[in-house]
Structure formats: C-alpha cells, structure tokens
Amino acid sequence: MAEAFGQFQYPTPPLAVFAEDIVKHYQKFLNHRRALRPEGEYVDVTPDEWAEFEEHFDKRKVELGNCARPYGSPCQHEHACIRCPMLQVNPKMLPRLAEIEKDLILRRKGAEEEQWLGEIDGIDMTLAFVRTKQADAARLAQRSPVALGIPTTRPQRN
Ligand code: SF4
C-alpha cells in the first residue's frame, strides 16, 4: 500500500508487532544469560561510585539549561554552550537568550563601525545559534507533558 502526498507516493510503513511469545522467549533468554554470569559481577554500587554518578549530572547543569553530553565524558567544546548542539535550553531561560541576542546585536554594530570583519563573522554565527536555540526552547515551552501511564501485563491466553 502507498499513501499519496502531492505528486509523491510514500510506501505505508510496516507495523511493529511484538508477539507475546517472542517477548516471553526473550525474557527467558535474558534470565538464562544472567544465571550464567558469575555472581561476583552483581555487586552493590559503592557510595563513591554513586557520588561520582550524581556529580556527573550536577555538572551538566549550565546557566541556560542542561548539557546533554554522554555520561562520563568531559565538555569537548570549551564550554562555548551557546554554540554547542549539546545544549538543551530550559524554556524559562528564554528572557536570558533575548538579552544575549540584544548584546550580540550591539556588539555587531560596534564591530561594523570599526570594520572588524572577522568579529562580524563570529557574531553572526553566534547569533544564528542563539536564534535556533530560541526557536527550539519556544517549541519546547508549548509542548505539554505526555502521560504514558503505568504499564500492565496482558491477561494470559489459554
Ligand atoms: S559546550 Fe556543549 S558539551 Fe560543553 S558544557 Fe556546554 S553544552 Fe555541554
């Protein structure tokens, strides 16, 4: 089957169906593999490991929101958050982004007067990132949370 959008024909995507017995077999396989692993590998987390884990997430909080870099990795971008794709802006920081944009526009005017062409290029690039992040944060602010509910198991088939 295909769906038509204008002049293009897109194939209908296949449905993903997870049959109950496939899920059961997979769970059985996982339990079997877990039973084969040496018990020594199942150790409790030490307080130091837990503290290190929490510290990593504390260190990902930045002025404008949250840094989404992978766990256990340092900042690779010299904390230039405004230009970084890893920055997830908190919508409540939109006024701060507006201040940053205003400041950049003023700096650009100054750079134009002095004919600092390299500086103008840099400011233009930063402005583009700021505006993209403003749009992303505004879109995020309009989204309402999705309630996924509590998962339940299906009744057994006879
Ligand atoms: S520059 Fe990027 S990776 Fe570094 S702290 Fe900021 S958002 Fe995270």
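Indexing begins at 1, ligand by ligand and atom by atom, following the structure's order.
Against a heavy-atom cut-off of under 4.0 Å, A80 is close to the following atoms of ligand 1: 1 (S).
Salt bridge annotation for E112-R108: present, with a cationic side-chain nitrogen under 4.0 angstrom from a carboxylate oxygen. With respect to the salt-bridge test (charged N to carboxylate O, under 4.0 angstrom), the residues R139 and D136 qualify.
With sequence neighbours left out, E52 forms a salt bridge (Lys or Arg N to Asp or Glu O under 4.0 Å) with no residue at all. In this view, H56 and Y71 satisfy the ring pair (Phe, Tyr, Trp, His ring centres under 6.0 Å) rule, not counting sequence neighbours.
Not a single donor-acceptor pair under 3.5 Å links the side chain of E41 to the backbone N or O of P38.
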For residues 88-102, which side-chain donor-acceptor pairs fall under 3.5 Å, sequence neighbours excluded?
from, atom 1, to, atom 2, distance (Å)
N90, OD1, K92, N, 3.0
R96, NE, E63, OE2, 2.6
R96, NH1, E99, OE1, 3.0
E101, OE1, Q134, NE2, 3.2
E101, OE2, R131, NE, 2.8
E101, OE2, R131, NH2, 3.2

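Of all protein N/O/S atoms, those under 2.8 Å from atom 8 (Fe) of ligand 1 are C67 SG, and waters are not counted.
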